[in-house]
Amino acid sequence: MAAATAVEAPVLWRRLLKYLPRGRPVWAALLGRLSDRLSRGRERRARRSSWLLLAPLLSPVVPQLTVPPCSLCSEGSHRFQWIRNLVPEFGIASSHVKVLSSPIEFYELMKRQIKMAKKRVVLASLYLGTGPLEQELVDCIEIALEKSFQECRTSSFTVSILLDFTRGSRGQENSRTMLLPLLKRFPEQVRVSLFHTPNLRGLLRLLIPERFNETIGLQHIKVYLFDDNVILSGANLSDSYFTNRQDRYMFLQDSPEIADFFSELVDAVGDVSLQLQQDDTVKVVDGMLHPYQGDKMAYCEAANKRVMEVINSARTRQEQLHARTFHRNGAEGEISLSTDRKAMGDGQPEPDTWIYPLIQMKPFGIQIDEIVTETLLMETERGANVYLTTGYFNLTQAYMDLILGTRAKYQILLASPEVNGFFGAKGVAGAIPAAYVYIERQFFSEVCSLGQQERVQLQEYSRNGWTFHAKGLWLYLTGSGLPCLTLIGSPNFGYRSVHRDLEAQVAIVTENKALQQQFHQEQIQLYLHSGMVSASTFEQPNRYIKLWVKLVTPLIKNFF
C-alpha cells in the first residue's frame with residue numbers, strides 16, 4: 001500500500017522517501033495523501049506556465065472546439081486537437097500514410113520518388129555522405145533535372161537542399177563537394193543552403209576545431225519531399241542510413257498541403273542560412289542578416305519572424321479550410337465532424353488522420369515541439385502506455401521529471417553500447433557510448449530508488465551488424481491495445497534537441513484501426529530486437545565506465 005502511494009506521489013515527495021527513517025510506510029502514506037491534494041494545484045500551475053509560453057503564438061480568433069467523442073475511446077482521439085492552437089492541423093485519409101520499416105526500403109523509395117518528381121524535390125538533412133550510394137542519389141536528382149530540362153527548356157522544376165554548414169563542410173570531400181556539380185550544371189534550378197548556428201561565432205568559431213564545432217548547434221531537420229509526397233524520418237542522407245542503421249520512416253502520399261508546409265519551412269530556414277555558390281564559397285541571401293557576423297539578437301529575431309510566418313500562414317489556411325469543410329450541426333457552439341461533400345470534392349475520402357508539424361528552434365526562440373511533448377507526457381493518465389525510443393538516451397530534466405512524476409506506464413527503448421553510432425570511434429568520441437551508459441545507469445538508479453521498476457522500464461536495442469538511430473513515441477490510451485498517436489521526426493528528447501539544434505517532427509493522430517495497426521507493428525518490430533535493462537545489466541564487463549568519463553559526463557552531457 002505504501003509502495004503504491006509512493007509511486008503516485010510527485011517527484012519531489014518520492015525523492016524525500018529515500019531519506020526517511022524506519023517509519024517510512026507511515027510517512028509514505030502521509031506524504032502520499034498530502035501530495036494527492038497538492039498535485040492538482042501543481043499540475044494546474046505547470047499547465048498554466050506552459051500556456052503562458054505560448055502567448056506569442058496564440059491567436060484570439062482561434063475557436064475553442066467542442067468535439068463529440070469518436071469510436072477510438074471514451075474521450076476520443078480529438079482530445080489532441082488542442083495542438084492546433086499552436087500549429088496547422090492537416091486532415092488526411094489514413095490510406096495516404098504508409099509506415100516504412102527498413103533503411104533499404106527508405107533508400108529505394110527516395111530514388112524512385114526523385115525520378116518520378118515533376119515539379120520539386122526538397123531534401124532537409126544534417127548532411128549528405130560521400131559514398132557510392134549517396135552519389136547514386138545525386139545522380140537520380142541529375143536525371144530528374146535533365147528530364148525536366150529536355151521536356152521544357154524553361155522548366156519550373158526545382159531542387160532545394162538544406163544541410164548543416166559545419167557537418168556538411170567536414171573534410172576535403174564532403175556534402176558541398178558532392179553537390180557542386182549539380183549546382184554548376186543547373187544553377188537556376190538547384191539551391192543548396194547550409195545552416196550555420198548563430199551560437200558559433202567570434203573567438204569560439206576560430207578556436208573550436210572541426211568536428212567539435214558541431215556540438216554548438218546543428219541543422220537537424222530530416223524531411224524529404226517529392227512533388228506532393230513526403231517522407232518524414234530521423235535518418236540522414238548517408239550510406240549507413242541506407243543499409244544497416246535502424247531509424248523510423250513515414251511516407252505521406254498525395255498530401256499537397258503538408259508538402260507545401262515543409263517546402264516553405266525548408267525555404268524559410270534556407271533564407272537565413274548560407275548559400276553554396278558554384279565556386280564552393282558561401283554567401284547570405286540578399287537582404288538577410290549574416291548568421292555569425294553582426295548582431296546575433298537581430299539575426300535570431302529575423303529568423304524567428306521568417307519561420308513563424310510559415311507556421312502562422314499555414315495555420316490560417318487550415319483554419320479557413322476547416323471553416324469551409326465543417327459545418328454547424330444545429331447545437332450552438334458545437335462543431336460537427338460530418339464533412340461537406342461539395343467542399344471536399346466528390347470521391348475524396350473523409351479525413352480520419354491528423355498531422356501536426358512540431359517545430360523546435362530554441363536559438364530562434366521557437367519551442368513548439370518542447371511544449372507539446374511536455375504536455376503529452378504530463379497529460380497521460382493511469383492505464384495509458386507510452387513507448388518512447390531514442391538513439392541517444394540523454395533526456396532533459398523536464399522530460400525525466402514528467403516521466404517519473406506521471407502515472408502512465410513507460411517503456412523506453414535506447415541503444416546498447418554496441419549499436420551506438422559512436423561505438424568504436426577514434427579519440428574522445430569513442431568514449432561517448434560509455435557516457436550514455438553512465439547517464440542510463442543514473443536514470444535507472446533513480447527509477448529503482450522511487451520503486452517504479454514496474455511502471456518505467458528501460459530496454460536496449462541490440463542487433464548484430466546494425467546501429468540504432470530511431471526516435472519517437474507511441475501513445476496507447478487506457479484500455480486500448482493500439483496506439484492512437486505517434487511522434488516521428490528528428491528530435492532525440494535530449495538537451496541538444498531542445499536547446500541547441502533545429503528540429504522538426506510531426507504528431508500523427510488517427511482513429512483508423514488499420515493505420516493504428518501499422519504504428520503498432522512498427523513499435524513491435526523495433527522492440528523485438530531489445531532486452532530488458534536490470535541491475536545486472538550494469539555489472540557486465542562491457543559496461544565498465546572509466547573514472548574520467550564519470551567526471552566529465554556531467555560537464556559535457558548538454559553537447560551530445
Side-chain angles (χ1 to χ4, degrees), residues 56-57 59 86-90 119-126 158-165 168 189-199 217-228 230-232 252 255-276 282-292 294-319 355-372 489-491 497 500-506:
L57 306 178
S59 170
L86 313 177
V87 296
E89 176 189 68
F90 301 100
K119 61 179 181 178
R120 63 184 172 187
V121 170
V122 179
L123 309 177
S125 183
L126 173 61
T158 59
V159 175
S160 179
I161 301 173
L162 172 65
L163 307 172
D164 181 72
F165 177 88
Q189 293 171 267
V190 177
R191 172 165 124 151
V192 179
S193 304
L194 302 168
F195 173 77
H196 191 295
T197 176
N199 294 325
L218 296 167
Q219 191 309 109
H220 202 245
I221 298 169
K222 288 74 181 280
V223 174
Y224 311 108
L225 71 89
F226 322 90
D227 290 346
D228 294 333
V230 183
I231 299 176
L232 300 164
L252 309 180
S255 304
E257 294 159 350
I258 300 173
D260 287 346
F261 172 82
F262 280 108
S263 179
E264 291 170 11
L265 179 68
V266 170
D267 282 345
V269 177
D271 287 346
V272 299
S273 301
L274 299 170
Q275 306 301 311
L276 184 64
V282 293
K283 74 171 188 177
V284 296
V285 176
D286 291 341
M288 292 301 300
L289 298 171
H290 201 287
Y292 61 84
D295 190 326
K296 175 183 173 181
M297 184 175 294
Y299 169 79
C300 291
E301 289 176 352
N304 174 289
K305 180 180 178 181
R306 182 70 183 88
V307 173
M308 290 308 300
E309 283 174 352
V310 172
I311 296 172
N312 290 330
S313 63
R315 274 188 61 212
T316 300
R317 290 197 301 268
Q318 292 308 111
E319 286 164 12
I355 311 291
Y356 301 94
L358 309 179
I359 311 303
Q360 184 74 11
M361 300 180 180
K362 201 68 165 280
F364 301 159
I366 300 171
Q367 53 192 96
I368 298 171
D369 179 64
E370 175 188 5
I371 293 168
V372 171
S490 64
S497 293
R500 294 187 179 278
D501 298 340
L502 306 191
E503 305 279 8
Q505 66 178 342
V506 296

Between D164 and L194, is a side-chain contact (heavy atoms from CB on, under 4.5 Å) present by the stated rule, with each step listed?
CA-CA 5 Å; D164 181 72; L194 302 168; over 6 Å; no
Candidate pair R317 and E89, rule salt bridge (charged side-chain N to carboxylate O under 4.0 Å, His left out), full reasoning:
CA-CA 10 Å; R317 290 197 301 268; E89 176 189 68; over 6 Å; no
Under the criterion side-chain hydrogen bond (donor to acceptor under 3.5 Å, both in side chains), I'd like the reasoning laid out for S125 against Y224: C-alpha separation, chi angles, the key distance, then a yes or no.
CA-CA 8 Å; S125 183; Y224 311 108; 3.3 Å; yes
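Of the candidates D260, D228, D227, K119 forms a salt bridge (charged side-chain N to carboxylate O under 4.0 Å, His left out) with just one, namely D228. For the side-chain hydrogen bond (donor to acceptor under 3.5 Å, both in side chains) criterion with Q360, the lone passing option out of E370, Q505, Q367 is E370.
Note that CG of L502 is 11.0 Å distant from CG of L126, once rounded to the nearest 0.5 Å. From F261, atom CZ reaches atom OG of S255 across 14.0 Å, with rounding to the nearest 0.5 Å. Here the CZ atom belonging to F195 is positioned 9.0 Å from the CG atom belonging to L162, to the nearest 0.5 angstrom. Atoms CG and NE2, from L218 and H196 in turn, are 10.5 Å apart once rounded to the nearest 0.5 Å. Taking CZ of R306 as the start and CD of E309 as the end, the distance is 6.0 Å to the nearest 0.5 Å. Taking OG of S490 as the start and CG of D501 as the end, the distance is 8.5 Å to the nearest 0.5 Å.
Contact of the S273 side chain with the P291 side chain is not registered, since no non-hydrogen atoms from C-beta on lie closer than 4.5 Å. N199 is listed as a side-chain neighbour of P363, based on a closest heavy-atom distance under 4.5 Å. In this structure, the side chains of I359 and V87 stay at 4.5 Å or more apart for every pair of heavy atoms.
Under a 3.5 Å cut-off, the side chain of Y299 and the backbone N or O of V272 do form a donor-acceptor pair.
Side-chain atoms of S497 and E503 include a donor-acceptor pair closer than 3.5 Å.
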